[in-house]
Number of protein chains: 2
Amino acid sequence: MRKSRNRPSAARSTADTDLTKRAQILDQAAKLFRRHGYAATTLRQIAEATGIKAGSIYYHFSSKEEILVEVMDTGIRMVAAAVREKVDALPAGASNRERIAAAVEGHLYGLLHHGDFTSANIRIYGQIPQSAKDRHRIVRLEYADYWDRLFAKAQRSGELRSDVPLSVMRLFVLGSLNFTVEWYNPKRGSFESFARSISALVFDGILNLGKELRRPPGRRRVAEPA
Amino acid sequence: MRKSRNRPSAARSTADTDLTKRAQILDQAAKLFRRHGYAATTLRQIAEATGIKAGSIYYHFSSKEEILVEVMDTGIRMVAAAVREKVDALPAGASNRERIAAAVEGHLYGLLHHGDFTSANIRIYGQIPQSAKDRHRIVRLEYADYWDRLFAKAQRSGELRSDVPLSVMRLFVLGSLNFTVEWYNPKRGSFESFARSISALVFDGILNLGKELRRPPGRRRVAEPA
DNA sequence: GTCTATAGTATGATAGAC
DNA sequence: GTCTATCATACTATAGAC
């Protein structure tokens with residue numbers, strides 16, 4: 001069913017147009033899936049938003065579900081790429097806590113800068129057909145494993161609290177980050193200050209510890225011997 | 001359009017049957033909305049799950065959207081009721097921090113014990129028609145205001161950190177709680193221990209502060225003078 | 001209070017012209 | 001690579017029998 005591969009390598013402009021159209025369809029699909037859900041979005045809507053007719057979509061995709069799976073995969077991949085970039089940019093001797101902080105920042109960045117794909121992924125994952133979940137599974141699991149290893153190492157080194165089950169901690173953190181796509185408003189301050197706030201809450205919680213213990217924004221507290 | 005009100009007050013069994021059927025429809029609708037979304041759920045599915053035929057639903061509801069709005073409202077009301085119960089049970093002199101802790105516990109309780117209505121609400125809110133959002137708006141806003149006041153008081157009394165915008169803090173907390181419906185698994189431990197874990201993370205964050213600073217489960221840290 | 005039957009509309013997908 | 005036209009199916013909602 002895959003067309004539009006293996007084209008004459010010279011035809012640059014044609015190739016670009018083709019890639020662009022495919023990408024356009026995915027962009028519009030992500031936007032519509034995010035706003036109205038998968039089932040409520042029709043191929044006619046996607047087509048109209050892309051500037052073509054419904055039937056033409058089948059030149060680029062073999063089914064509605066194929067569009068869905070590609071939108072879902074893209075959502076995860078964008079976030080995963082942003083996380084790896086941030087974490088890999090750390091100096092060699094970075095602590096596990098610093099690695100998690102970088103991952104949190106990267107996750108938020110990927111999440112909030114590719115809004116439609118990531119929001120669609122988070123919003124509709126629980127509602128898509130099982131067959132789509134199955135095809136999306138590998139990409140999703142791989143990313144979950146990444147965080148799993150990050151947290152496991154950090155707890156072994158004693159940097160994370162040990163009175164809360166590790167899986168609860170990991171799911172809580174990822175869940176709280178993911179839900180920011182539902183309420184983050186770029187008009188109310190810069191992304192950087194937002195990320196600092198979220199990071200502070202994840203690491204230190206909401207309580208006021210007194211002026212003596214609170215560091216200036218951007219720096220985070222480490223264990224404070226009594 | 002409203003039938004089945006003002007019936008002969010003697011007919012207890014008839015009344016029960018009627019209420020039960022209406023409630024059954026809502027129960028099944030909530031379950032299906034949660035799993036497949038609003039648009040993807042058909043009246044035939046709701047009817048079949050309830051043990052009647054699609055046309056019969058119109059005796060109890062005037063439209064699909066009316067079912068939706070009632071499911072959405074119920075989701076919020078159940079959580080709000082659980083929160084008020086927990087907060088109102090506190091002694092008169094309770095601190096704002098204790099009030100928030102009780103609200104967190106109540107919110108989690110309401111959320112995870114009425115899974116279908118609350119999960120449906122959280123999952124599909126962003127996708128329902130604008131007309132349904134408008135009709136759902138008042139119930140939703142009222143509950144948001146409750147938390148708003150709770151947080152505002154706590155920050156004024158200095159119990160909450162002041163280096164993070166209050167709205168970010170409130171939305172972060174509610175969002176992280178809400179997202180637990182996506183991953184909470186009652187088979188992996190009791191609700192009570194789960195609630196303690198989440199509460200600990202919300203108030204204190206994920207870092208290990210050293211054995212000296214960590215209180216036994218259930219108790220929470222207050223400001224610790226240096 | 002539930003049923004059957006159906007009106008009116010929209011959907012995903014396909015075929016074939018250009 | 002996109003179009004028009006259409007098939008087969010499904011949907012919400014209504015009407016009227018029981």
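These values consider heavy atoms only, across backbone and side chains, with no hydrogens, waters or symmetry-generated copies. It should be emphasised that the depicted structure is a prediction, and the values quoted were computed from it without experimental measurement. Chain naming here is simple, since letters A, B, ... match the order of the sequence lines and numbering starts at 1 in each.
- Here the closest non-hydrogen pair linking Leu90(B) and Glu98(B) is CD1-O, 3.7 Å.
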Between Lys21(B) and Gln24(B), does a side chain to side chain donor-acceptor pair (under 3.5 Å) hold up when you go through it step by step? CA-CA 5 Å; Lys21(B) 197 48 102 183; Gln24(B) 275 175 12; 3.3 Å; yes
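- The CD-C1' distance, from Glu48(B) to dC3(C), rounds to 16 Å in whole Å.
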For nucleotides 11-18 of chain C, 5' to 3', base contacts (B), sugar-phosphate-only contacts (S) and non-contacts (-) with protein non-hydrogen atoms under 4.0 Å give BBBB----
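- Across the protein-nucleic acid pair, Ile52(A) atom CD1 and dG1(D) atom P stand 12 Å apart, rounded to whole Å.
- Between the CD atom of Glu66(B) and the P atom of dA13(D) there is a distance of 10 Å, given to the nearest Å.
- Computed from coordinates, the Ile57(A) CD1 to dC3(D) C1' distance equals 13 Å when rounded to whole Å.
- Atom NZ in Lys53(B) sits about 13 Å away from atom P in dT2(C), given to the nearest Å.
- Listed here is the closest heavy atom pair of Arg161(B) and Leu201(A): CD-CD2, 4.0 Å.
- In this structure, Ser56(B) reaches the dC3(C) phosphate: one of its side-chain N or O atoms is under 4.0 Å from OP1 or OP2.
- The pair Arg123(A)-Glu182(A) counts as a salt bridge, with a side-chain nitrogen and a carboxylate oxygen less than 4.0 angstrom apart.
- As rounded to whole Å, 18 Å separates atom C1' of dA13(D) from atom OH of Tyr59(B).
- Tyr146(B) has its ring centre no less than 6.0 Å from the ring centre of His107(B).
- Between Asn121(B) and Arg140(B), the side chains place a donor N or O and an acceptor N or O closer than 3.5 Å (distance only, hydrogens not considered).
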